[in-house]
**Student:** 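Below is one structure. I have some questions about it.
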Amino acid sequence: CRYSGSSRLPAHRVALPVGHPGPPLRARRATLAGMDSQYAEHLASLRKLMEEKGVECMLVTQVPVFFWLTGGRTYVPTIEGAGPSKAFVDKEKAVIITTAIEEHKMKNQECPGWEVRAAPWAGLPKTMDDIEAELIAGRKVETDTGDLSGDIDEMMVDLTEADMKAYIELGKDIGEALEEAARSVSIGDTEYKVSGLTHLAYNKRGIDLVMTAVAHDERIAWDRHPLPRLGAGTELKKVCMIATCGRRQGLICSLSRLVCFGEVPEELRKIHDACMQVDAEINMATVPGKTADECYSLLTKAYTDRGFPEQMLQHHQGGLIGYKCRHWIAQPGSDKVIKAGRAYAWNPTIAGKTIGTKSEDTIIVDKEGKVMNITPSPTWPYKEVKTADGKVFPRPDILVK
């Protein structure tokens, strides 16, 4: 397995002015008359699956699947697992069922190329149910939470060429965004302020944060999922960790970074070096055919070899990513398999006595089985970390301010 990413942006990526997010992918590819080719391909895949399984019609309601199928947002409040819009699919029709409130948005912004049928909001849910019933026309209907949910999940993580292009562009932007946020933090900032700075850097690039973890100083050792806090005792004294999952048009990248003000403490230096080594080992071992159980065993050995065997059981280590923060994580005994054309995000962590650390990026295993880090931060300090079998994988070091 060879590494094809680096701490610098690949030459094929087109540079944009600083701070410029570029036009949305859909705006660059879609035509006024038709559906974006990326999602037309997804629709064709769903129809093929339906034909193979003898399903006449399908209703898609869940946010990750709706994103994959249409590229659009079905929710209004972001906390919802489903929203006021559904996608109906049979072998002839592809219809967004929604309310009159959402009609213009779904037709012209979120799901161009799809037929949109809108129900009056007065009388819900019956008004939408009537549209569904008309489309279903007495046939048996399947849903994305039913018997085909596992098959749909497998389709979602098999990246098309258009998906990979979108993912690489997201990775470029999100790597820049987290570096921008990390470089903007100051001593005295609360965890919530750092979270706000991170949201700003992501949002200006059209990325929604679906997970934000911020911890300062000793708390990095206490909490593996540190939701940001406000008030006395949350102010940054020396070390800040920001861990994120960012989403754009459904695709999600995960990455984490550490900032230290002044000299890096000896304990932090030791555990971060070990954490980067564990991270390099698992990323370079992410090769087609390896099982999640084998990944778990490799991680266990990597921690043990570096003197931190207990850390393996303190937090999950990551796994398959795509339209969910993780579609699966490496578990003992799991028969899930690494496959080419998919994305993965590993997230080893180590907690010391007074401080903790984490190393995390998102990679794609391309069609040839090569590993590419898609979330490098362009001017971040990196270390060339060598694995036990001699491979080299650059890992983000601690940014010293």
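No experiment lies behind these values; they were computed from the predicted model shown.
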**Student:** If you apply the rule salt bridge (charged side-chain N to carboxylate O under 4.0 Å, His left out), what do you find for Glu102 with Arg117, and how did you get there?
**Tutor:** CA-CA 10 Å; Glu102 312 299 327; Arg117 297 193 189 183; over 6 Å; no
**Student:** Whether the side chain of Gln317 engages the backbone of His315 through a donor-acceptor N/O pair (distance < 3.5 Å, no angle test) should be reported.
**Tutor:** yes
**Student:** Please report the interatomic distance CE(Met372) to CE(Met164), rounded to the nearest 0.5 Å.
**Tutor:** 7.5 Å
**Student:** Which heavy atom of Tyr382 sits nearest to which heavy atom of Ser377, and what is that distance?
**Tutor:** OH-N, 2.8 Å
**Student:** Regarding Arg219 and Thr234, is there a side-chain donor-to-acceptor distance under 3.5 Å anywhere?
**Tutor:** no
**Student:** Would Thr354 and Glu267 count as having a side-chain donor-acceptor pair, cut-off 3.5 Å?
**Tutor:** yes
**Student:** Salt bridge or not for Asp273 and Lys383, using N-O below 4.0 Å?
**Tutor:** yes
**Student:** When you compare the side chain of Glu142 with that of Cys57, does any pair of heavy atoms fall below 4.5 Å?
**Tutor:** no
**Student:** Crowded around Glu263 CD? As in, over 12 foreign heavy atoms under 6.0 Å?
**Tutor:** no
**Student:** With a 4.5 Å heavy-atom cut-off, do Val76 and Lys105 have their side chains touching?
**Tutor:** yes
**Student:** Could you tell me which non-hydrogen atom of Arg395 sits nearest to which non-hydrogen atom of Ala280, and how far apart they are?
**Tutor:** CD-N, 4.1 Å
**Student:** Other residues, nucleotides and ligands only: do more than 12 of their heavy atoms fall within 6.0 Å of NZ on Lys401?
**Tutor:** yes
**Student:** Is the shortest distance from a Lys or Arg side-chain nitrogen in Arg257 or Glu360 to a carboxylate oxygen in the other one below 4.0 Å?
**Tutor:** no
**Student:** Show, in sequence, the C-alpha distance, side-chain angles and deciding distance for Glu218 and Lys237, and conclude whether the salt bridge (charged side-chain N to carboxylate O under 4.0 Å, His left out) test is met.
**Tutor:** CA-CA 10 Å; Glu218 296 88 352; Lys237 298 189 290 288; 3.6 Å; yes
**Student:** Do Asp130 and Thr127 have side-chain N/O donor and acceptor atoms under 3.5 Å apart?
**Tutor:** no
**Student:** Is the number of heavy atoms from other residues, nucleotides or ligands within 6.0 Å of OH (Tyr75) greater than 12?
**Tutor:** yes
**Student:** Below 4.0 angstrom, N of the basic side chain to O of the carboxylate: do Glu92 and Arg47 qualify?
**Tutor:** no
**Student:** At what distance, to the nearest 0.5 angstrom, does CD of Glu294 lie from CD1 of Ile338?
**Tutor:** 9.5 Å
**Student:** Assess the residue pair Asp173 and Lys204 against the criterion (salt bridge (charged side-chain N to carboxylate O under 4.0 Å, His left out)); give the C-alpha distance rounded to whole Å, side-chain angles, the decisive distance to 0.1 Å, and a yes or no.
**Tutor:** CA-CA 10 Å; Asp173 287 349; Lys204 67 196 275 187; over 6 Å; no
**Student:** Going by distance alone, is a donor N or O of one side chain under 3.5 Å from an acceptor N or O of the other, for Gln314 and Tyr303?
**Tutor:** no
**Student:** So, Glu161 and Lys165, do they make that salt bridge, N to O below 4.0 Å?
**Tutor:** no
**Student:** For Ala330 and Ala292, work out which heavy atoms get closest and say how close.
**Tutor:** CB-O, 3.7 Å
**Student:** Ignoring hydrogens, what is the shortest heavy-atom contact between His216 and Glu235? Give both atom names and the distance.
**Tutor:** ND1-C, 3.7 Å
**Student:** Find out whether Tyr202 and Leu197 are in side-chain contact, i.e. whether some heavy atom of one side chain is under 4.5 Å from a heavy atom of the other.
**Tutor:** no
**Student:** Could you go step by step and tell me if Thr143 and Val60 meet the side-chain contact (heavy atoms from CB on, under 4.5 Å) rule?
**Tutor:** CA-CA 6 Å; Thr143 71; Val60 169; over 6 Å; no
**Student:** Please assess Asp208 against Asn203 for the test side-chain contact (heavy atoms from CB on, under 4.5 Å), listing each intermediate value before the final yes or no.
**Tutor:** CA-CA 6 Å; Asp208 290 318; Asn203 289 169; 4.1 Å; yes
**Student:** Hey, does Lys238 have a side-chain heavy atom less than 4.5 Å from the side chain of Pro265?
**Tutor:** yes
**Student:** Under 3.5 Å, is there a donor-acceptor pair linking the side chains of Asp293 and Thr291?
**Tutor:** no
**Student:** Can you establish whether the number of heavy atoms outside Asp147 located under 6.0 Å from its atom CG is more than 12?
**Tutor:** no
**Student:** With a 3.5 Å distance limit and no angle check, can you tell me whether Asp189 reaches the backbone of Lys193 through a side-chain donor-acceptor pair?
**Tutor:** no
**Student:** Assess the side chains of Asp163 and Gln38: does a donor N or O sit below 3.5 Å from an acceptor N or O?
**Tutor:** yes
**Student:** For salt bridge (charged side-chain N to carboxylate O under 4.0 Å, His left out), just list the numbers for Asp279 and Lys358, CA-CA rounded to whole Å, side-chain angles, deciding distance to a tenth of an Å, and then say yes or no.
**Tutor:** CA-CA 9 Å; Asp279 198 21; Lys358 187 176 186 180; over 6 Å; no
**Student:** What distance separates Arg342 CZ from Ile321 CD1, expressed to the nearest 0.5 Å?
**Tutor:** 13.5 Å
**Student:** Decide side-chain contact (heavy atoms from CB on, under 4.5 Å) for Leu399 and Cys260; before the verdict, give the C-alpha distance in whole Å, the side-chain angles of both, and the deciding distance to 0.1 Å.
**Tutor:** CA-CA 6 Å; Leu399 176 66; Cys260 180; over 6 Å; no
**Student:** Quick one, Asp153 with Tyr323, criterion side-chain contact (heavy atoms from CB on, under 4.5 Å). Give me CA distance, side-chain angles, the key distance, then yes/no.
**Tutor:** CA-CA 9 Å; Asp153 205 67; Tyr323 286 84; over 6 Å; no
**Student:** Is the closest side-chain donor-acceptor distance between Arg326 and Asn347 under 3.5 Å?
**Tutor:** yes
**Student:** Once you round to the nearest 0.5 Å, how far does NZ of Lys386 lie from CD of Glu384?
**Tutor:** 10.5 Å
**Student:** Is there a side-chain contact between Thr349 and Thr357 in this structure, where contact means two heavy atoms from C-beta onward sitting under 4.5 Å apart?
**Tutor:** no
**Student:** Just verifying a value: how many Å separate Gln277 CD and Cys275 SG, rounded to the nearest 0.5 Å?
**Tutor:** 9.5 Å
**Student:** Can you find a side-chain donor-acceptor pair between Trp346 and Thr286 that sits under 3.5 Å?
**Tutor:** yes
**Student:** Looking at side-chain heavy atoms only, is the closest gap between Leu59 and Glu132 below 4.5 Å?
**Tutor:** yes
**Student:** What's the separation between atom CD in Glu179 and atom CZ in Arg183, rounded to the nearest 0.5 Å?
**Tutor:** 4.5 Å
**Student:** Hey, are Thr375 and Asp361 close enough side-chain-wise for a donor-acceptor pair under 3.5 Å?
**Tutor:** yes
**Student:** If we ignore angles and hydrogens, is there a donor and acceptor under 3.5 Å between the side chains of Asp144 and Thr61?
**Tutor:** yes
**Student:** What is the ring orientation for Trp68 with His42, classed by angle as parallel under 30°, tilted 30 to 60°, or perpendicular over 60°?
**Tutor:** parallel
**Student:** Looking only at non-hydrogen atoms, find the nearest pair between Pro396 and His272 and report the distance.
**Tutor:** O-NE2, 3.1 Å
**Student:** Say whether, by atom type as modelled, one donor and one acceptor occur between the side chain of Thr244 and the main chain of Gly246 under 3.5 angstrom.
**Tutor:** no
**Student:** Are any of the side-chain heavy atoms of Arg247 and Phe67 separated by less than 4.5 Å?
**Tutor:** yes
**Student:** Taking all non-hydrogen atoms of both residues, which atom of Pro84 and which atom of Thr74 are closest, and how far apart?
**Tutor:** CD-O, 2.9 Å
**Student:** For the side chain of Glu191 and the backbone of Arg229, is there at least one donor-acceptor N/O pair under 3.5 Å apart?
**Tutor:** yes
**Student:** Using side-chain heavy atoms (C-beta onward) and a distance below 4.5 Å, is Leu236 in contact with Ser186?
**Tutor:** no
